[in-house]
**Q** 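One structure, pasted below without further comment.
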Amino acid sequence: MPELPEVEVVRAGLAPAVVGARIVAVDARDARALTRHDGDAGSFERALTGRLITGVARRGKFLWMPLAPASADDAPRGAVIAHLGMSGQMLLRASGALVERHERVRLDVHHPDHGDLAVVFADQRTFGSLAIDDLVPTADGRVGGWGSDEALVPSQVVHIGRDPLDDAFDEAAVVARVRAKRSAVKRILLDQTVVSGVGNIYADEALWAARIHPETPGDALSVRAVRRLFAEVRAVLLKALAEGGTSFDAQYVNVNGQAGYFAHSLNAYGRDGLPCPRCGRPIVRDSFMNRSSHYCPRCQRPTGSAPLR
DNA sequence: CAATCTTCCTGCGCGC
DNA sequence: TGCGCGCAGGAAGATT
């Protein structure tokens, strides 16, 4: 479920509570939440207990919490990585709080200023997961992502492209990659190795704003059209972030269990049959890549039907 | 090699 | 009210 804005809301909420905190106990009650972890629940629990969290970083939809070295010869450094999948949540609770619905993993932490706290990973559909991973140098030598102050990234995040809000996002290179592909532009937007952080909601919203049909091949778009698309991607991500993310139900919430407001600002996603806010024609929903695409059939013409200025 | 298909889960809302 | 079906914010890994 969560895309970049929702994951960033979680990162920003987690950071003040856990940076500088020590993990005092770990309960991995559901091993399905550790599918990215190399080892069983017991090894996860033992490896994390006693460790100090030094940060909370994000690239695209991946989160990670770097750990202080366990000993002088502990290299490479480790991190707890988290991907929320479709329905994952990170919740901050009082120490000893009742088990959450869909709770999979709990970290009990002690912070020198804030005292005892529980960090709960809850996930209805279990597509999300946590893992312990090694930090490795970034390919471009820049910091790993938002919230990171080191040129390091977990090994499982190396293949993930920079997101469009990242200072190190190389727009010229990404525009060239998009234009080198014959795939549908929406598919390219959802390919996290090209550009990260964009999922089904924000892809539909950015394409609507840029007036580009989701099935337009990447190599049919002008440089100008792709640049306009990324400008709209950035705009929609920032606006959603400012509004606390998109919440349709109880699945997407911040670390305190609160919903965001961006669902009220959607122009295309989930609005099939409702008038396009720009031209009034009903928004259409198509099946695409086993998911749904929402677009305006007048404003977003397929390739060749309207000039892509 | 790049593009596409399959699979992992639970739960909700809808139509019958 | 109950039941089956379709659908849901993702992405790794297999397959063509």
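Quantities reported herein were computed from a predicted structural model and do not represent experimental measurements. Below, chains carry the letters A, B, ... as their sequence lines are ordered, and counting in each starts from 1. In what follows, every heavy atom counts, from backbone to side chain, and hydrogens, waters and symmetry copies are set aside.
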**Q** Is the backbone of A/Val194 close enough, under 3.5 Å, to the side chain of A/Arg162 for a donor and an acceptor to pair up by distance?
**A** no
**Q** Compare side-chain N and O positions of A/His83 against OP1 and OP2 of C/dA11 and report whether any pair is under 4.0 Å apart.
**A** yes
**Q** If you only use heavy atoms from C-beta on, which nucleotide in C/dA11, B/dA3, C/dC7 is closest to the side chain of A/Ser183?
**A** B/dA3
**Q** What is the nucleic acid contact for A/Ser292, judged by heavy atoms within less than 4.0 Å: base, sugar-phosphate only, or nothing?
**A**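 If one applies the 4.0 Å heavy-atom cut-off, A/Ser292 turns out to touch the sugar-phosphate alone, with no base involved.
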**Q** Respond yes when some side-chain nitrogen or oxygen of A/Lys61 is under 4.0 Å from OP1 or OP2 of C/dG9, and no when none is.
**A**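 Checking C/dG9 against A/Lys61, no side-chain N or O comes under 4.0 Å of OP1 or OP2.
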**Q** Identify which nucleotide among C/dA11, C/dG9, C/dA12 has an atom closest to any side-chain atom of A/His159, counting heavy atoms from C-beta outward.
**A**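 For A/His159, the side-chain atoms sit closest to C/dA12.
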**Q** Should A/Arg285 be listed as having a side-chain N or O under 4.0 Å from OP1 or OP2 of C/dC7?
**A** yes
**Q** Distance check: side-chain N/O of A/Arg182 vs OP1/OP2 of B/dA2, anything under 4.0 Å?
**A**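 A/Arg182 to B/dA2 OP1/OP2: no side-chain N or O under 4.0 Å.
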**Q** Considering the options A/Phe262, A/Phe248, A/Tyr295, which one meets the ring-ring contact (aromatic ring centres under 6.0 Å, His included) requirement together with A/Tyr269?
**A** A/Phe248
**Q** Under 4.0 Å, heavy atoms only, any strand: does A/Thr193 hit a base, just the sugar-phosphate, or nothing?
**A** nothing
**Q** Please give, in whole Å, the distance from B/dT10 P to A/Leu84 CG?
**A** 18 Å
**Q** Checking all strands, does A/Asp123 fall into the base, sugar-phosphate, or nothing category for heavy-atom contacts under 4.0 angstrom?
**A** nothing
**Q** For the pair made of OH in A/Tyr252 and C1' in B/dG11, what is the distance, rounded to whole Å?
**A**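 After rounding, the gap between these two atoms is 20 Å.
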**Q** Looking at C/dA8, does its base get a donor-acceptor pair with the side chain of A/Arg125 below 3.5 Å?
**A**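 Side chain to base: pair present.
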**Q** Are A/Trp64 and A/Leu84 connected, step by step, through hydrophobic side chains (Ile, Leu, Val, Met, Phe, Trp, Tyr) whose heavy atoms are closer than 4.5 Å?
**A**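 Hydrophobic grouping puts A/Trp64 apart from A/Leu84.
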**Q** Indicate, with a heavy-atom threshold strictly under 4.0 Å, whether A/Phe248 touches base, sugar-phosphate, or nothing.
**A** base
